[in-house]
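Written below as structure tokens is the structure these notes are about.
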Amino acid sequence: MTTTRLRTHSLVSALLLLILTSMSARAQDADDFLSQLHSFRVSNYISLDAYYRFIGSGTTNTLNEIVAGINSANDAMNLLTKSTSGVLTTEQIEALNKEFDKFKALMRDNINDVRNTGYPDLRLVSDMANQALTMNDSATELYQIAQENSQTETSPRLEAARMGAVKIAQMMAKYSVRTNSSVAQTFQGSSTEAPLDEQARVFDQLLAIVVKGKNDDELDVILNDAAAKWQFIRGSYINYNENNVGFVIDRYSKRILESLTTVIGLLQQKA
């Protein structure tokens, strides 16, 4: 009798361990999926920012930045399509992939225009800017759906850091087009996109959430540096119609994005 009870207890314990392990694995798969979807959004804005600077410079280094951004987004999309997390349907992922294909095709055409003629085709650039916004709006919507379907709680600070990273990348690209083209208003994105000053105030709120809370020394250093850099360029985003030094805004925005990316990694480790 005692042996039977011990065996039953061992079987129940093993079953519980299997269930808990399976749940943990699913939660990790879901978080990995959200991480890749986040990377996809950021990488596309980085490539768009680099393209706008390519209009003004035409340098190989800037072209390499475009390619690196597209490749990063492509890697993220490949991982999304192969994911077994089940937080989005195959149809949802494929729809986003088709939007990405359109964006890549427009980027390729726009790069070729600048390389072949020395200047952009404004209609094509406008199409690309609008496609980028449409694609990233879709990605954001799918991110929210995936988050709900995963049924896992994520840290508000982690989510704010991810949203802040997307926002600063989006702002950086929008500011870049204003800096690098005399006719920026014709292709700076859809009229539904919020102005830079409004986006800057949203970033204020997101950064405040990330900074707030208990930090270790490493987080404190990174967040204090990001906050200081943001205060240095914030006025340029708020007063975006004034003459500002574009390359400084771009450089500091990238540093803030790098800091937030590091913070995201640290917060994930602590989750």
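Hydrogens, waters and symmetry mates play no part in the numbers below; they use all other heavy atoms, side chains included.
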Side-chain ([X]) to main-chain ([Y]) donor-acceptor, under 3.5 angstrom:
| X | Y | value |
| --- | --- | --- |
| S72 | G69 | no |
| Q170 | Y45 | no |
| N110 | L124 | yes |
| N130 | S126 | yes |

Point to revise | Geometric class of the Y51/F54 ring pair [parallel <30°, tilted 30-60°, perpendicular >60°] | key: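 Tilted: the ring planes of F54 and Y51 meet at 30° to 60°.
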Which pair of heavy atoms, one from [X] and one from [Y], lies closest together, and at what distance?
| X | Y | result |
| --- | --- | --- |
| D49 | S176 | OD1-CB, 3.1 Å |
| A50 | T62 | O-CG2, 3.1 Å |
| I209 | P156 | CG2-O, 4.0 Å |
| S253 | I233 | OG-CD1, 3.5 Å |

Exercise for review: Begin with the C-alpha distance, continue with both residues' side-chain angles, and end with the deciding distance and a verdict on side chain to side chain donor-acceptor pair (under 3.5 Å) for Y143 and R41.
Suggested key: CA-CA 10 Å; Y143 184 94; R41 293 186 293 168; 5.1 Å; no
Tell me, do [X] and [Y] make a side-chain contact under 4.5 Å, heavy atoms counted?
| X | Y | answer |
| --- | --- | --- |
| L142 | I145 | yes |
| L266 | I222 | yes |
| T59 | R53 | no |
| S83 | Q36 | no |

Review point. Do M163 and V211 belong to the same hydrophobic cluster, where Ile, Leu, Val, Met, Phe, Trp and Tyr are linked whenever their side-chain heavy atoms lie under 4.5 Å apart, directly or via other members?
Key: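 Per the 4.5 Å side-chain linkage, M163 and V211 are not co-clustered.
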Does the distance from a Lys or Arg side-chain N to an Asp or Glu carboxylate O, for [X] and [Y], drop under 4.0 Å?
| X | Y | value |
| --- | --- | --- |
| D204 | R234 | yes |
| R162 | E159 | yes |
| D101 | K98 | no |

Check your understanding: When the ring centroid of Y237 is compared with that of Y175, is the distance short of 6.0 Å?
Key -> yes
